[in-house]
Novice: 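Have a look at this one before I ask anything.
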Amino acid sequence: MNPRNQSYPAAPIVDGPAAAIQSVRRIKLSYLILMAIFAIFALRAFYVQVIRYEFYHASALSDQLKQYEIPARRGTILAYDGAQSVPIVLNEKLYTVYADPQYIKQPGDVARTIASVTGGNASEYERTMQDKERRYVVLAKKVSKEKRDKILGYKYPGVGAQEQTYRTYPQGTMASQLLGFVNEEGAGKYGVEQELNGTLAGTPGELKAITDVQGVPLAASGSNIESRPKAGRDIKLTIDIGIQKQVEDLLAKGVKIDKAVSGSAVVMDPRTGAVKAMANYPSYDPAKYSEVEDGNLFNNDSVSHPIEIGSIMKTLTTAAALNQGVIKPNTTYYDPATYTVDEFKITNIEEDGGPGTRSIAQLLDLSLNTGAVWELMQMGGGEINTKARTTWYDYMTNRYMFGKPTGIEQSYETEGLVPEPKDNGAAINLTYANTSFGQAMTATTLQVAGAMSAVVNGGTYYRPHLIQSTSDPAGKMVDKKPEVVAANVVSGEVSKAMVPLLQYVVDNHKIKPAFDQSRYVVGGKTGTAQIAKPTGGYYENDFNGTYLGFVGGDQPDYVIAVFINKPQVGKGQYAGTAAAQPVFADIGHMLINNGYVMPKH
Amino acid sequence: MAMGRQKQIGRNQNAVSFRNKERTLGPISNTIILIVLACLLGLLYLTQVTKTNAYGYQINDLQEQQTQLASEHEDLEVASARLQSLDRVQNSETAKNMTAVAPTGSVRN
């Protein structure tokens, strides 16, 4: 059977050509509508993303882009404790408790509760929180984490706490003027903190990132910028806290006994110029610097308060004359007990007796002003002249480094004063005669310690310094080498000769208890200086007491300089012996008895 | 016999019939496919972004932990330094119970 002839049931005729055309049209129409919708979307997207790009970009970023400054950790400050290192300045996170008064419903209750935790004044808190016009009031600062957790645990609406990093001082007030402090803005002020602020502060980092609603940076954002903060460097001081603590205590005791206005003391290692202790009294608590009323307390007087140093200068005058070869350690000379220079008489104290033959050791022991003038005259060939003045000026400024800052790592260091040697027509010879025994010039406690170190260490002036080491970027402490500022300040022979001369002075000054010179070398010289009036001339009844000496075993291990300002003991005129010498003796005994000085071999 | 069964092909007669079997997609199908592909790409992008952001949260958590630990370390350092401070040692019960001995090392006999 031919399939072509097979009959099938007729299909129902539902579509004609017109229906088919209509169907195609509907499809096309749907397609066009779809395309139109897409076109609208595309156009809208083009408008939003291209034409209005800047607007929407900025609008989106304002909500999503967060910019944070990442604070850099400030470097800590370490010091010696014997051979060990101990931190003396650290960072501590504390909290500022604040309130939004508009949310505080019962200020009285909230204030009492918070005050019971912080120990603050409840009525003050309440009064602060009643000021509804303010949206942010500080209730308490420097609140510990435990107390903060307790306060926030009460869940008072409108009460919060903000973290802030503060400097903390585990050793309390120790070395406060040397250290300085860090103010609320994070800037170092005074002392090491100010002088080395750039080293300690580090560099803050920055985080600029697209964040989620909670402020968490989205890692997928390609426009995130993060620069990590560079932590400040740690520094280690040359200070030994054991010596520092006891020097501070002994100085404070001395100033109180002397009924003095203030005092300062420096203990230096003469072989390196490293300062082992630097103390001032009165002092302050750096953790409570904002409560200090007298701004002068922030100054480190050891480096910023130069005074006329008095007779301790005779040590340096003698060393200069010996080094010039114009006198010998065993020289004797005739002391007339008075010199007239530029029509002014220079005399000695009554106890020194009248004219007579004196040795160099007696010159120092009796502290003869005329003896120091005589030494100056020897530098000029027998008289005070240009040669004497120029030579002595060279010693003062280029060898003992007076009249210029030492360069120690302290803010506000002052250079003191050394008069120019050229004849200015204003009694320059008298001025220079006065400088030979420590008047008409000024220096700081640190400067005299530096000069004495050079005299007794063999003749090398090392830059006085407080920084032993600084951490490198990897955190490793890198030592700073002692810096030689001047060699051959005096010859080795002169340096050696000066030690027994100054031991002689100590032995003859009836220090109690006396030092055992058979086991140790202890030498020094007192100084009593008149105090210049700001208007010219000197106060009649006010004096400063000074002492410059050393303590050691086989050789001087520590140079000690003590300034006591306006002591009331010793009738003023003997301030060096009565006020400064006991402090030197106490420090010397302390160094020996605590094992900082080993006896002679 | 076999030849006899073969279909005779005459002159001018096509030996094969050509039928176009290729099927082409219409514009709507193409559009839908494009949309689906775009959606798939978008989905792929979103999964990757989400995954990356999840890592970001992990990083953030770890950084917070690190900060927390560093903070605790600093707190402990401060506490340790305070406990060893000279004033505290000097005022401790142990120090108070010590007997003072007059130093004699520096004194001349």
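Just so we're on the same page: letters track the sequence lines, and every chain starts at 1.
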Novice: Chain A heavy atoms under 4.5 Å from B:Leu83: which part of the residue, side chain, backbone, both or neither?
Specialist: neither

Novice: Compare every heavy atom of B:Val78 with every heavy atom of A:Leu90, then report the nearest pair and how far apart it is.
Specialist: CD1-CA, 3.8 Å

Novice: Tell me, for A:Ile241 versus chain B, whether the close heavy atoms (under 4.5 Å) come from the side chain, the backbone, both or neither.
Specialist: both

Novice: Measure the spacing between CG of B:Asp87 and CE of A:Met174 and express it to the nearest 0.5 Å.
Specialist: 7.0 Å

Novice: Would you say A:Lys600 has more than 12 foreign heavy atoms packed within less than 6.0 Å of its NZ?
Specialist: yes

Novice: Set out, in order, the CA-CA distance, both residues' side-chain angles and the distance that settles side chain to side chain contact (heavy atoms under 4.5 Å, CB included) for B:Glu77 and A:Thr76, then state yes or no.
Specialist: CA-CA 11 Å; B:Glu77 268 188 338; A:Thr76 58; 5.6 Å; no

Novice: I need the residue from B:Ile35, B:Asp75, B:Ile59 with the largest number of non-hydrogen atom pairs under 4.5 Å to chain A.
Specialist: B:Ile35

Novice: Counting only non-hydrogen atoms closer than 4.5 Å, does A:Ile27 touch chain B with its backbone (N, CA, C, O), its side chain (CB onward), both, or neither?
Specialist: both

Novice: Tell me if the NZ atom of A:Lys208 is crowded by more than 12 foreign heavy atoms within 6.0 Å.
Specialist: no

Novice: Does B:Gln84 reach the side chain of A:Asp81, with side-chain heavy atoms less than 4.5 Å apart?
Specialist: no

Novice: How long is the straight-line distance from CG of B:Asn53 back to CG of A:Asp212, given to the nearest 0.5 Å?
Specialist: 8.5 Å

Novice: Taking 4.0 angstrom as the limit, do A:Lys93 and B:Glu72 come out as a salt bridge?
Specialist: no

Novice: Supply the atom-to-atom distance B:Leu34 CG to A:Phe38 CZ, rounded to the nearest 0.5 angstrom.
Specialist: 9.0 Å

Novice: What heavy-atom pair brings A:Gln171 and B:Leu86 nearest, and what distance separates the two atoms?
Specialist: OE1-N, 3.0 Å

Novice: I'd like to know which of B:Ser85, B:Ser71, B:Gly26 tops the heavy-atom pair count under 4.5 Å against chain A.
Specialist: B:Ser85

Novice: Side chain, backbone, both or neither: which part of B:Gln63 has a heavy atom under 4.5 Å from chain A?
Specialist: side chain

Novice: Find the distance between CD (B:Glu74) and CZ (A:Arg73) and round it off to the nearest 0.5 Å.
Specialist: 6.0 Å

Novice: For B:Ser80, is it the side chain, the backbone, both or neither that has a heavy atom under 4.5 Å from a heavy atom of chain A?
Specialist: neither

